[in-house]
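Read through the structure below, which is laid out as structure tokens, and then see the notes.
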Amino acid sequence: QVQLVESGGGLVQAGGSLRLSCAASGRTFSSYAMGWFRQAPGKEREFVAAISWSGGSTYYADSVKGRFTISRDNAKNTVYLQMNSLKPEDTAVYYCAGGVGVGPTASHYDYWGQGTQVTVSS
């Protein structure tokens with residue numbers, strides 16, 4: 001069992017930056033691929049970024065490519081999402097997820113955090 005806790009969300013102006021963190025419990029963190037998803041009000045949850053268990057492979061949604069960077073520190077059981085050049089359309093609740101397989105769909109992931117709110121003002 002893996003428990004995930006996100007932090008780092010908040011209110012930022014357009015063009016600003018935030019770094020989200022997701023701390024995982026459990027000694028098997030390093031064996032899981034990790035992903036970030038987001039859900040805006042009235043919209044479905046969408047894929048943002050993912051990283052393989054080793055950190056050697058990363059994947060991004062087209063909407064965030066070049067602006068967001070996913071990384072992980074297996075020694076700290078933590079995955080990060082560095083978000084730069086934020087836009088109002090990035091406003092959403094951001095969720096951390098972990099699973100055996102890495103991919104852009106929610107079904108790849110078995111464990112989910114509670115989410116952290118990111119609000120980007122124009």
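Only this structure's heavy atoms are used, side chains among them; waters, hydrogens and symmetry mates stay out. No experiment lies behind these values; they were computed from the predicted model shown.
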* Structure fact -> Cys96 and Val79 have their tightest heavy-atom pair at SG-CG1, 3.8 Å
* Ring centers of Tyr32, Tyr111 separated by less than 6.0 Å -> yes
* Which distance, rounded to the nearest 0.5 Å, do you find between the CG of Asp73 and the OG of Ser30? -> 11.0 Å
* Asked: Is there a donor-acceptor contact under 3.5 Å from the side chain of Ser52 to the main chain of Ser57?
  -> yes
* Asked: Any donor-acceptor pair under 3.5 Å linking the side chain of Glu6 with the backbone of Gln114?
  -> yes
* Structure fact -> Smallest heavy-atom separation, Ser122 atom then Ala14 atom, equals CA-CB, 4.4 Å
* Please test Arg67 against Asp90 for side chain to side chain contact (heavy atoms under 4.5 Å, CB included), starting from the C-alpha separation and ending with a verdict. => CA-CA 11 Å; Arg67 299 188 298 122; Asp90 293 319; 2.8 Å; yes
* Asked: Applying the 4.5 Å side-chain criterion to the ILVMFWY set and letting contacts propagate, would Val93 and Val12 be lumped into a single cluster?
  -> no
* To do: Would you name the heavy atoms of Ala49 and Leu81 that are closest together and state the gap between them?
  => CB-CD1, 4.1 Å
* To do: First locate atom CD of Gln39, then atom CD of Glu44, and finally report the distance between them rounded to the nearest 0.5 Å.
  => 8.0 Å
* Asked: What are the two closest non-hydrogen atoms of Tyr60 and Phe47, and how far apart are they?
  -> C-CE2, 3.8 Å
* Could you go through the side chain to side chain contact (heavy atoms under 4.5 Å, CB included) check for Leu86 and Phe68 one step at a time? => CA-CA 9 Å; Leu86 283 161; Phe68 291 12; 3.8 Å; yes
* Please check if Val118 and Phe37 belong to a single hydrophobic cluster, counting links between Ile, Leu, Val, Met, Phe, Trp and Tyr side chain heavy atoms closer than 4.5 Å. => no
* Val5 and Met34: same hydrophobic cluster, using ILVMFWY side-chain contacts below 4.5 Å? -> no
* To do: Given side chain to side chain contact (heavy atoms under 4.5 Å, CB included), test Arg45 with Trp112 step by step and report yes or no.
  => CA-CA 12 Å; Arg45 190 171 297 190; Trp112 292 84; 3.3 Å; yes
* Could you tell me which non-hydrogen atom of Trp53 sits nearest to which non-hydrogen atom of Arg72, and how far apart they are? => CA-NH1, 3.3 Å
* Does Lys65 come within less than 4.0 Å of Asp62, counting only side-chain N to carboxylate O? -> yes
* Group every Ile, Leu, Val, Met, Phe, Trp and Tyr by side-chain heavy-atom contacts under 4.5 Å, then state whether Leu18 and Ile51 land in the same group. => yes
* Asked: Which value, rounded to the nearest 0.5 Å, describes the distance between Tyr95 atom OH and Leu20 atom CG?
  -> 13.0 Å
* Asked: Which pair of non-hydrogen atoms, one from Thr91 and one from Gln117, has the smallest distance, and what is that distance?
  -> CG2-NE2, 4.0 Å
* Asked: For the atom pair CZ (Arg38) and CD (Glu46), what is the distance rounded to the nearest 0.5 Å?
  -> 4.5 Å
* With no hydrogens and no angle check, is any side-chain donor or acceptor of Gln3 less than 3.5 Å from a backbone partner on Ser25? -> no
* Kindly work out whether a path of hydrophobic side-chain contacts (I/L/V/M/F/W/Y, heavy atoms less than 4.5 Å apart) joins Ile70 to Tyr94. => yes
